[in-house]
Colleague: 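Before I ask anything, here is the structure I am working with.
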Amino acid sequence: MSFAPDVTERLARMRADLRMGVPIVLSGSAPVVIFAAETLDAARLALIHASGTQSVLAITDWRAKTLKVAAYDGDLARVSLPADANLGWVLGVADPADDLKTPMKGPLNSQREGPSDTHRAAIKLAKSARLLPAAIVMPIQDGAGFAAQNNLTTLDTDAALAALEDQHFLNPVVAARLPLEVSEAGRLHIFRPDDGGEEHYAIEIGKPDRTKPVLARLHSACFTGDLLGSLKCDCGPQLRGALAQMGSEGNGVLLYLNQEGRGIGLANKMRAYSLQDQGFDTVEANHRLGFEDDERDFRLGADILKKMGFSAVRLLTNNPNKVARMQENGIEVAERVPLIVGENRHNHNYLRTKAKKSGHYL
Ligand SMILES: Nc1nc2c(ncn2[C@@H]2O[C@H](COP(=O)(O)OP(=O)(O)OP(=O)(O)O)[C@@H](O)[C@H]2O)c(=O)[nH]1
Ligand SMILES: [Zn+2]
């Protein structure tokens with residue numbers, strides 16, 4: 001028994017550090033220091049160069065494909081950091097913003113020899129910190145010593161990799177009555193994960209019978225669509241349409257999951273929007289940034305439903321993936337209820353791309 005933070009708690013600290021530009025240390029057989037590419041500053045880059053180590057910039061296979069770099073590690077590539085690389089070089093590899101205007105001048109060499117587990121952990125950490133999925137990995141001799149000397153957060157690589165895959169359960173924090181336009185019988189529940197991550201919400205309408213399938217929606221946060229009335233997607237009309245249907249039926253539950261931008265965060269979603277203005281569709285934009293099409297984890301939706309006492313739903317969605325993830329995680333989808341609202345000339349192609357590439361029902 002100790003007062004010290006456990007692996008999950010250390011990972012949460014690491015995310016906060018990386019977001020601020022503070023490096024972290026992964027120890028094990030090949031100890032390294034990790035710097036998120038997006039938040040690296042010139043002073044620390046100078047120290048990396050001064051260390052004389054063979055540092056690399058780890059990027060995902062998707063980003064590597066765009067840059068025509070060989071991804072010898074399958075899901076990632078380890079690009080050698082040239083001795084004269086400046087911050088512009090690091091960002092040019094990590095961030096696709098200027099790919100078309102100023103294509104990377106190669107050659108970009110990627111490493112083939114040696115293990116890539118610390119690099120994999122680095123990318124997963126950057127993603128879970130909602131940063132660009134790219135990180136500088138600097139080898140060191142003594143992980144624990146380096147971390148202690150520089151007051152850096154440290155973890156064993158294998159422990160970090162395992163914990164990054166863990167499912168994190170949500171705990172109910174509080175619920176209170178919330179009369180809404182669609183129904184005066186509204187109630188807002190707050191759920192908090194045990195990994196220091198974002199809270200998620202459930203809006204319960206009426207008093208749904210727990211023994212029958214409940215009209216439910218898993219809505220992923222969309223600041224631009226839900227709040228600003230963006231015409232680039234259909235989220236705002238879907239949010240209001242789902243609540244309205246629950247109000248008129250008298251019962252329902254809407255989960256508001258803080259998975260902005262299909263799990264890449266608002267800053268990365270805006271990067272994707274910039275790429276869309278350069279002609280890429282919603283899926284291509286994610287890939288150019290180095291992300292999968294969809295980085296959401298829907299297990300948390302199933303967890304919240306179960307904690308609220310629901311085991312079966314009539315799911316308001318056009319996304320077959322949401323249906324499959326619910327079934328896999330112990331929530332019976334008795335019916336899929338289509339939610340086709342809010343098409344306009346700005347989101348026409350976005351909706352077509354979702355149908356064509358992500359299998360959404362039209
Ligand atoms: N990365 C990325 N995310 C986007 C883009 N447009 C909208 N989003 C996000 O996509 C998500 C849409 O969420 P949902 O409407 O719940 O999901 P869906 O997969 O479309 O499924 P249904 O609406 O249930 O049919 C939100 O998190 C938005 O922020 C985009 O161009 N790129
Ligand atoms: Zn949206």
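The residues of the chain are indexed from 1 along the displayed sequence. Ligands are counted one by one from 1 in listed order, and the atoms in each one are counted from 1 as well.
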Colleague: Considering the heavy atoms of L218, write down every atom of ligand 1 situated less than 4.0 Å from one of them.
Modeller: 16 (O)

Colleague: Could you tell me whether the side chain of I331 reaches within less than 4.5 Å of the side chain of K306, counting heavy atoms only?
Modeller: yes

Colleague: Does F191 share a hydrophobic cluster with Y256, counting links as ILVMFWY side-chain heavy atoms below 4.5 Å and allowing steps through other members?
Modeller: no

Colleague: Of all the atoms in ligand 1, which lie at a distance below 4.0 Å from a heavy atom belonging to N318?
Modeller: 22 (P), 24 (O), 25 (O)

Colleague: What part of N286, side chain from CB on, backbone N/CA/C/O, both or neither, has a heavy atom under 4.0 Å from ligand 1?
Modeller: side chain

Colleague: Thinking salt bridges, do K124 and D75 make one under a 4.0 Å N-O criterion?
Modeller: no

Colleague: Heavy atom to atom 28 (C) of ligand 1, shortest distance: which of G236, A285, C222, A272 holds it?
Modeller: C222

Colleague: Does the residue T224 have a heavy-atom contact with ligand 1, meaning some pair of atoms that are separated by less than 4.0 Å?
Modeller: no

Colleague: Which residue owns the protein heavy atom closest to atom 24 (O) of ligand 1, what's the atom, and how far is it?
Modeller: T317 OG1, 2.6 Å

Colleague: With only distance considered, is D294 within less than 3.5 Å of ligand 1 through an N or O on each side?
Modeller: no

Colleague: Of the listed options (R336, Q238, H219, R296), which comes nearest to atom 13 (O) of ligand 1 when hydrogens are ignored and any heavy atom counts?
Modeller: R296

Colleague: What protein heavy atom sits nearest atom 16 (O) of ligand 1, and how far away is it?
Modeller: K322 NZ, 2.8 Å

Colleague: Could you tell me which atoms of ligand 1, counted from 1 in the order shown, lie closer than 4.0 angstrom to a heavy atom of T282?
Modeller: 30 (C), 31 (O), 32 (N)

Colleague: Between F298, F280, Y350, which one has a non-hydrogen atom sitting closest to atom 6 (N) of ligand 1?
Modeller: Y350

Colleague: Can you check the angle at the Zn ion (ligand 2) formed by SG of C233 and SG of C235? Round it to the nearest 10°.
Modeller: 110°

Colleague: Could you verify whether a donor N or O on one side chain and an acceptor N or O on the other, from D117 and T157, lie under 3.5 Å apart?
Modeller: no

Colleague: Taking only heavy atoms of R217 into account, list the atoms of ligand 1 that are under 4.0 Å away from them.
Modeller: 14 (P), 15 (O), 16 (O), 22 (P), 23 (O), 24 (O)

Colleague: So, are D303 and K307 salt-bridged, with charged N and O less than 4.0 Å apart?
Modeller: yes

Colleague: Using a strict 4.0 Å threshold on nitrogen-to-oxygen distance, state whether E343 and R352 make a salt bridge.
Modeller: yes

Colleague: What are the atoms of ligand 1, with element, lying closer than 4.0 Å to any heavy atom of Q276?
Modeller: 30 (C), 31 (O)

Colleague: Under 4.0 Å between a side-chain nitrogen and a carboxylate oxygen: does that hold for K357 and D293?
Modeller: no

Colleague: For atom 20 (O) of ligand 1, find the nearest protein heavy atom and state the residue, atom name and distance (0.1 Å precision).
Modeller: K354 NZ, 2.4 Å

Colleague: Can you tell whether the side chains of E198 and R130 come within less than 4.0 Å, N to carboxylate O?
Modeller: no

Colleague: Quick one: does A221 get an N or O within less than 3.5 Å of an N or O on ligand 1?
Modeller: yes

Colleague: Can you see whether K269 engages T224 through a side-chain donor-acceptor pair at a distance of less than 3.5 angstrom?
Modeller: yes

Colleague: Look at ligand 1 and say whether F291 reaches it with a heavy atom at a distance under 4.0 Å.
Modeller: no

Colleague: Side chain, backbone, both or neither: which applies to Y273 and ligand 1 if a contact is any heavy-atom pair less than 4.0 Å apart?
Modeller: side chain

Colleague: Could you verify whether a donor N or O on one side chain and an acceptor N or O on the other, from S128 and R15, lie under 3.5 Å apart?
Modeller: yes

Colleague: Near Q259, which atoms of ligand 1 are under 4.0 Å from a heavy atom of that residue?
Modeller: 27 (O)

Colleague: How about L40 and L87: do any of their side-chain heavy atoms sit closer than 4.5 Å?
Modeller: yes

Colleague: Any carboxylate oxygen within less than 4.0 angstrom of a Lys/Arg side-chain nitrogen, looking at E204 and R210?
Modeller: yes

Colleague: Would you check if there is a donor-acceptor pair between the side chains of H219 and Q238 at a distance under 3.5 Å?
Modeller: no

Colleague: Under 3.5 Å between some N or O of ligand 1 and some N or O of C233?
Modeller: no

Colleague: Using a strict cut-off of 4.0 Å, indicate which atoms of ligand 1 neighbour a heavy atom of H360.
Modeller: 18 (P), 19 (O), 20 (O), 21 (O), 25 (O)

Colleague: Which bit of R262 is near ligand 1, meaning a heavy atom under 4.0 Å away: side chain, backbone, both or neither?
Modeller: both

